[in-house]
Trainee: 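For reference, the structure I am asking about is given below.
The figures that follow rest on heavy atoms only: side chains count, while hydrogens, waters and symmetry mates do not.
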Amino acid sequence: METALGLVDIAVKLFNLLDESYEQGKGLAAGIDFIRRELRSIKEAISMRSGTADQEGIRSWMADLRDICRKIENCVDLYNLRVVVVGKHRKKPGVVRDAIHHLTLRTTLARGKLSEDIEAIRKLVEQANSRVTAYHPQAQQATIHKNSSTVNNGATRHASEAHPDGLDTPKAELVRLLSQGDGKAKQLRVIAIDGLGGSGKTVLAKVSYEQVNREFDCRAWVSASDDIDELLADILGEFSEQIPRSSSKDLGRRLRDFLENKRYIIVIDNVHTTVWWRDILYACPDNNMSSRIIVTTTNEQIARNCHLNCRVQKMQPLDQLSARTLLTRKAFGEDGCPIDLEESLDMILNTCECLPLAIVNMADHIKGKRLCDRSQCVHACENFRFLLDAKNEAFLGMHQVLDRSYNSLNNHAMACLLSLTMYHKDNVFRRKSLIRRWLAERVIIVTDGQSEEDVANQCFTDLVDHNIILPTDVSINGQVKRFRVHRIMLEFIINKAHSENFVNWINIHEDGIMGDPGHGENINRLILHNNSSRPPKIGERFDLSCVRSLTCFGLASKSLMYFKDYTLLRSLDLEGCSNLHDEHLETLCKSSMLRYLSIRGNVGVSRIPRKMIKLKHLETLDTRGTSVGTLPMEIIQLPELTNLFGLFQITSSSSSMRAFLSEKICRLQTLAGFFVDKSPNFVKALPRMPKLNKVKISCRQTAAPSNEVITDLLISLKECFEKDLSPRNIPLRSLSIDFGFSGNLAFLDKLEVPFPCSLQSLKLRGQLTRLPKFIESANLQELCLSGSNLGWEALSRLQCLQSLLYLKLTEQEPAAFKLGAEGFVWRSGGFVNLKRLCLVVAELPKIVIQHKAMPGLESLQLFCFRLGSISGIDHLLRLEEVVVASTFRGVAAEDLKRQVEAHPVRPKFVEKPHPSPPASRRELTRSIRIQSTDHERD
């Protein structure tokens, strides 16, 4: 009772305090409204003028606006931090007077400090506006129009600068697709060529077009335009038509009538929008005369929207020999490369990532040097980002290409792209980890009711579509699992991020010398590289109080990891550390605003500090690849914790478990995962997590769960599927159960799942002699079965799953699939919606694909050492790729390759290493670099 009265007294005191200082509060409210409106206006101004500061001479103004924007965000966060700190001092509920006094004091001080900060920001805004008015009055009237003319001018220039060296293979393929065919091949084909700017798309289209254009009745080469009337007029103009002014409908009808009985070829170069694509398809009839349309674009999504009756043609880097030949010819002419520079060529090609335009520009740079020696080549490679500056004439073409790719992104994607500067150019990273960092750092802020996670996923997809992010590992559901940043684009955005003070770097060497942390009085995002065994305290030299994102590489130490210095830290990534231990995390709880923490891959960390329960804002904790095996229940009860990764034994006292079960206070959405056999009581807590939508449950192979635990598990899962789908609850969408290849999963046959069910993804690893009943009633979209030892009857039942989009079957034993002499028969009408199918098995007798089986299949992956035969590939009319193990050889392999080459839509035939079993798969951390082989690079 005394505690309750004390809280009421505090509330009354707070009300009186605000009432007494109404005038000051009113002024403060006006100030807050000012910075809110100013922040919105600044972000709009930055997004409107992004990429044009050089042309308009307002780069300094843009820098001022970004600096003010960061100061506003820091001001708000510091105020929130000061107010939140108040609640920590109420240690004795009985002593109400002291608490009231402290609350009053701290609130008054916080409000006063906020007023001072707002006034300082107001002065900065006035000063910035006065400077731009005095020195660049035209900047305030400038409007940015990202029209097609800018794009087209560059595209034409690049076509003449580059050279078809090394494009013989894709040229032969493109010419074959352009040639006249029979049967289905007489249909209109739209061939979409996709790739990063400077990869040779236009050159490939040009040389192929020039070789075959005489085979067509009429020919047209045009540059893309946003205006459909202009585009149609250009096409008709290429056909020597006199074009009077008319509407697009009239132009489209005239073009259609003109092409009706002709075999035509049309090239639309550098397409960056498809708003007019339906008009083009209407104007270009499919007259069954093997007519062709070629579209070149830097956006994969546009290529997917345009291509018709053939797969998208993806540009790949040149092979080493062709790239070397192009560099030598362009840089040294007929004289050839000097002997002393031979070794430097590989370094240059690696820097250019065998991109044709980058090679041509580097050759121009080398030619510009009167005396070019090895040291200058090394210097050029190490300082490549500075060569990409707009003032460097030799690299003007590459700069324009990269600048257009950057400016074609929306405002959210631009910010996400600049954040990628925390990654090394030779490393591979994880998509989901990156998105969680974006969310924690609030890189994406939406105000129109959209989900931040949905916008973040779309930003990542945009970066992939623009060929800025290169996938290195794609999951069975088609999503990118791991990626790397295109090396040249990474160098470009590092330079841009440095000039805009978006990211700062501090390098600590063995001699104690630190690298330049950048400019600006506040460090917002910090990348810390430590190569010294005795690093100094960087907090003594730099102000770290406003650092929001910290990424550490190299050697860890207590002096570097004094997290008390990082007042506003939101994101902490320690995955790149090589010797992280428990003691380095002791001051972690001092960063009370921390939202994202990754210590993944650090085997030296064996426990989570208990003080971490003070991190009330923590949203993501990733401990995979560490030695942390036990997790206290209090961590799961953190009020903001959303994503928890690792393999834990979850410990809890009876009182804490009762408290957890009595109140639905947990906000956990992803739990991956926990040992069910070592955390028997925790199983009962799963239904008490209203937001839980993804869970992974494991079992140590040394011990099977008791019958009681299995019963509790089945009851809990059933409750998770049956929970009320109110706005407070999120349905369970993803379930993973891993009992090892030898574990028994027969108990799943007793799991009762309601129909319809929210479950979309199911991954099971263990022994299954038959298909559990709930799989057929769950409307699954993704299903992965490992070591299930299923028979033909169960596999036949899988083909009846109407909603299944992605299927992966993994077996260790050579004869795991119990198939008869007829082999694996995919019958007509089976797998009606399946898009991707992956089989990882040692041996299959044969595969038979019947007519109208898997009508929507896009990717067929066969990782088997031995295959009797395969037939019916030509029935898969939407097939885009066939992937086989690189060790797959023999008559069956050659026959499969011939079927793919004869396929009407020419899917890709790709060889990849045989995937290792999950138990032996090496953890991919930042210390593992990509291999510079042609296969990996492609």
Trainee: List the steps, then state whether salt bridge (charged side-chain N to carboxylate O under 4.0 Å, His left out) holds for Glu353 with Arg487.
Mentor: CA-CA 7 Å; Glu353 200 156 354; Arg487 291 188 183 99; 3.6 Å; yes
Trainee: Determine, stepwise, if the pair Lys201 / Glu300 fulfils salt bridge (charged side-chain N to carboxylate O under 4.0 Å, His left out).
Mentor: CA-CA 13 Å; Lys201 302 180 300 298; Glu300 185 178 351; over 6 Å; no
Trainee: Checking salt bridge (Lys or Arg N to Asp or Glu O under 4.0 Å) between Asp573 and each of Arg595, Arg437, Arg600, which is the one that passes?
Mentor: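 The salt bridge (Lys or Arg N to Asp or Glu O under 4.0 Å) with Asp573 is passed solely by Arg437 among Arg595, Arg437, Arg600.
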Trainee: Could you check whether any side-chain N or O of Ser405 sits under 3.5 Å from a backbone N or O of Val401, counting only pairs where one atom can act as donor and the other as acceptor?
Mentor: yes
Trainee: For residues Leu585 and Leu574, determine if any side-chain heavy atom of one lies less than 4.5 Å from a side-chain heavy atom of the other.
Mentor: yes
Trainee: List the steps and the verdict of salt bridge (charged side-chain N to carboxylate O under 4.0 Å, His left out) for Arg324 and Glu342.
Mentor: CA-CA 10 Å; Arg324 194 180 184 94; Glu342 284 286 345; 2.7 Å; yes
Trainee: Please check this pair: side chain of Asp473 against backbone of Ser475, looking for a donor-acceptor N/O pair closer than 3.5 Å.
Mentor: no
Trainee: Should the pair Lys496 and Phe502 be classed as cation-pi, given the thresholds of under 6.0 Å to the six-membered ring centre and 45° from the axis?
Mentor: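 No; the conditions do not both hold, so Lys496 does not lie above the ring face of Phe502.
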Trainee: Within the side chain of Asn602, is there an N or O that forms a donor-acceptor pair under 3.5 Å with the backbone of Ile599?
Mentor: yes
Trainee: Please work out which of the three classes, parallel, tilted or perpendicular, describes the rings of Phe384 and Phe395, given edges at 30° and 60°.
Mentor: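 Perpendicular.
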Trainee: If you round to the nearest 0.5 Å, how far is OG1 of Thr623 from CG of Leu597?
Mentor: 9.5 Å
Trainee: Is any side-chain heavy atom of Ile494 less than 4.5 Å from a side-chain heavy atom of Trp505?
Mentor: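 The answer is yes; the side chains approach within 4.5 Å.
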Trainee: Tell me, please, which residues at least two apart from Thr325 pass side chain to side chain donor-acceptor pair (under 3.5 Å).
Mentor: none
Trainee: For His466, run the side-chain contact (heavy atoms from CB on, under 4.5 Å) check against Leu196, Leu409, Leu417, Asp194 and tell me which one passes.
Mentor: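 For His466, the side-chain contact (heavy atoms from CB on, under 4.5 Å) check succeeds only for Leu409.
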Trainee: Treating Thr297 as the side-chain partner and Asn270 as the backbone partner, does any N or O pair qualify as donor plus acceptor under 3.5 Å?
Mentor: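 No; judged by distance alone, with no hydrogens or angles, the pair does not exist.
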Trainee: Under 3.5 Å, side chain of Ser557 to main-chain N/O of Leu560, donor-acceptor pair present?
Mentor: yes
Trainee: Checking Arg525 against Glu441 for the salt bridge (charged side-chain N to carboxylate O under 4.0 Å, His left out) test, could you report, in this order, the C-alpha distance in whole Å, the side-chain angles of both residues, the deciding distance, and whether it holds?
Mentor: CA-CA 10 Å; Arg525 288 177 175 85; Glu441 295 177 25; 3.2 Å; yes
Trainee: Could you tell me how the ring of Phe460 sits relative to the ring of Trp438: parallel (under 30°), tilted (30 to 60°) or perpendicular (over 60°)?
Mentor: tilted
Trainee: Could you check whether any side-chain N or O of Asn407 sits under 3.5 Å from a backbone N or O of Asp403, counting only pairs where one atom can act as donor and the other as acceptor?
Mentor: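 Checked: pair present.
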Trainee: For Thr421, check side chain to side chain donor-acceptor pair (under 3.5 Å) against everything at least two apart and list the hits.
Mentor: none
Trainee: Thinking salt bridges, do Lys432 and Glu453 make one under a 4.0 Å N-O criterion?
Mentor: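 Not counted as a salt bridge, because no side-chain N and carboxylate O are separated by less than 4.0 Å.
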Trainee: Has the side chain of Asp565 got a donor or acceptor atom that lies under 3.5 Å from a matching backbone atom of Ser545?
Mentor: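 Looks like no, no N/O pair under 3.5 Å.
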Trainee: Any side-chain donor-acceptor pair under 3.5 Å between Asn495 and Glu491?
Mentor: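 Per modelled atom types, Asn495 and Glu491 side chains form no pair under 3.5 Å.
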